[in-house]
Asks: 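Got a structure here, written out as structure tokens. Questions coming.
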2 protein chains.
Amino acid sequence: MLELVETGLAEIKYPERTPGLVRPIAYTLEAGGKRLRPLFVLAACQAVCGDAERALRQALAVEMFHNFTLIHDDVMDNADRRRGRLTVHRRWGAVQAILSGDALLTMATQYVADCDRSVLPEVLDLFNRTAMEVYEGQQLDTEFEKLDRVTVARYIEMIRLKTSVLLGCACRMGALVGGADDVVQQAMYDFGMNLGVAFQLRDDWLDTFGDPAVFGKSIGGDIVNRKKTWLYITACREAHDQMARAYERGTTKGRLVGGVKKIYEQLDLSCRCDALISEYCEKALESLDRACLDAESCDWFADLAHKLSSRAK
Amino acid sequence: MLELVETGLAEIKYPERTPGLVRPIAYTLEAGGKRLRPLFVLAACQAVCGDAERALRQALAVEMFHNFTLIHDDVMDNADRRRGRLTVHRRWGAVQAILSGDALLTMATQYVADCDRSVLPEVLDLFNRTAMEVYEGQQLDTEFEKLDRVTVARYIEMIRLKTSVLLGCACRMGALVGGADDVVQQAMYDFGMNLGVAFQLRDDWLDTFGDPAVFGKSIGGDIVNRKKTWLYITACREAHDQMARAYERGTTKGRLVGGVKKIYEQLDLSCRCDALISEYCEKALESLDRACLDAESCDWFADLAHKLSSRAK
């Protein structure tokens, strides 16, 4: 299925008149990544109708949408690198990143709409509704940067919108195009959505507790940027004064990260975060059960859920 | 019909969770403008089926799309003011302008898709194809800034993509949703498209020859920015050395604009540009004839074409 995705992405037809517009799009799509979202679309479609390819265009659309958000997010975060290469806005400038991102969003919409007429309104509604939620998540993420305190509930809501709904959308999209009924579609959505929360919590965990040699990114970025992750929020609530002191004394990156991690360890946050991840993974598996897939498909999704929840990179 | 548009825009349902995301959208949509594009959608629908309201959602979608491009264009051009108010990125910052613009594009797609299932694939295809062309036009416009020479043909192609196709799309959208056949749809598209070229040429003419008291914008901005309009391109071709000297000697804005306008007058460019505008207006009217609308509708569109081609603001 991964080959289907890669071939499909490589075969995308771009407008020929304006190579400058499409070069950053091809650059972004060819950079790889886990291809989790399109795989979810294909696997869900395969699971409900035995033919993954029926949802190929929608799988590509979801991956294109995801990459559009990365291009614009990197402009907004002023990020230098992504997947080991320069970001689009660092290589071609912010103007080009905005415009090529817009074009990629419209291309994603073209791809998602290339389905059977009978499901087109539902497919579009799912896609557009999800897109709006992703923007809302990005909005909350931006607003949280300026806030002193964020509750855990608000944080979970933010990552649900910013990250998880697109995984839910991917699973539901495959089931929808594959012809599943609404109960199965909703079960698959809930599976992807809960797994998405586990996935993002694991991402945050890795940023602090990951093995730099395996994770591939430098460790402690969230701590340095005071990113309001579950770890940070919980530590501030349970050891407010200690956290304040750690940030006061953390005059170098090494000292700051070391000091904050020490507090996290005192509060046993690594294990407690792991437990929360397992909780969402369990919720995902319960949702998966409700979809009543055949044993093979069910095992595939369950296996992936466990791998993503405990991944080291 | 203008009231339909204004009421429709005022009644848009925004997501409630994230007021920061939607405030810039409402701010932009309420700022007014000519509402030409949604009026074209409604009038074309009215002309072919007698019921303008049938295409209301699509009319709003086209206006939303137009405003999305304005929000992002203003970031890309680093523009300060639009319609007499601060631009979104000047008021809320570039990050917010990018994100709210993205949301507005997705909302436009939601609105355009809210039509009869029987025409949905065609409606979407028209909308997305047009959107891609608009980005291509913006791309060419950006690239022209860095070029020394641009041909008139390339310039016309650029304004066709950046401005005119959306007017063509608006006219065709109304006809399509109103149930017209492909011949009528295409005739209406060609009408809007040719009128769009006339409209943009007139815009360029006004920037140089307009009456500041009536036009509402300051005169000569294109000259100062060496914008490669039809006037500039033609003057550079026919009086290259004189133009170079005018830019050398134009040490103040007043002297520069005065010097360049003098060359334009020697070359009779005001009249010749007017003649070109009339040519495109004529093409638009010929296209309109092919649509075989009833006399009243035909007069309405023809009247508007004449007004837009000779407008003073």
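So you know, we letter chains A, B, ... as the sequences are listed, proteins then strands, and number each from 1.
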Asks: Under 4.5 Å from any heavy atom of chain A, what part of Ala103(B) do you find: side chain, backbone, both or neither?
Replies: both

Asks: Quick check for you: among Glu133(B), Arg129(B), Glu143(B), Gln138(B), which has the greatest number of heavy-atom pairs under 4.5 Å with chain A?
Replies: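 That would be Gln138(B).
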
Asks: Please work out whether the ring planes of Tyr135(A) and Phe65(A) are parallel, tilted or perpendicular, with thresholds of 30° and 60°.
Replies: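 The rings of Tyr135(A) and Phe65(A) sit tilted, inter-plane angle from 30° to 60°.
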
Asks: Whether Arg117(A) and Glu122(A) form a salt bridge (side-chain N of Lys/Arg under 4.0 Å from carboxylate O of Asp/Glu) is what I want to check.
Replies: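 Result for this pair is no, no salt bridge flagged.
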
Asks: Relative to Tyr232(A), does Arg226(A) satisfy both conditions: NZ or CZ under 6.0 angstrom from the six-membered ring centre, and within 45 degrees of the ring's axis?
Replies: no

Asks: Answer with side chain, backbone, both or neither: which region of Val75(B) has an atom nearer than 4.5 Å to a non-hydrogen atom of chain A?
Replies: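 It is the side chain, since no backbone atom gets that close.
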
Asks: Just so I understand: if I count every heavy-atom pair under 4.5 Å between each of His72(A), Arg17(A), Gln110(A) and chain B, which residue has the most?
Replies: Arg17(A)

Asks: Taking side chain as everything from C-beta outward and backbone as N, CA, C, O, which of these in Thr69(B) sits under 4.5 Å from a heavy atom of chain A? Side chain, backbone, both or neither.
Replies: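 Thr69(B) has no heavy atom closer than 4.5 Å to chain A.
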
Asks: Sort Phe68(B) into side chain, backbone, both or neither according to what part of it lies under 4.5 angstrom from a heavy atom of chain A.
Replies: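 The side chain, not the backbone.
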
Asks: Regarding Arg172(B) and Asp182(B), does a basic nitrogen lie under 4.0 Å from an acidic carboxylate oxygen?
Replies: yes

Asks: Side chain, backbone, both or neither: which part of Thr109(A) has an atom under 4.5 Å from a heavy atom of chain B?
Replies: both

Asks: Non-hydrogen atoms of chain A under 4.5 Å away: do they reach the side chain of Leu105(B), the backbone, both or neither?
Replies: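 The side chain, not the backbone.
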
Asks: With the threshold set at 4.0 Å, does a side-chain nitrogen-carboxylate oxygen contact exist between Asp114(A) and Arg57(A)?
Replies: yes

Asks: Would you call Glu157(A) and Arg160(A) a salt bridge, using N to O less than 4.0 angstrom?
Replies: yes

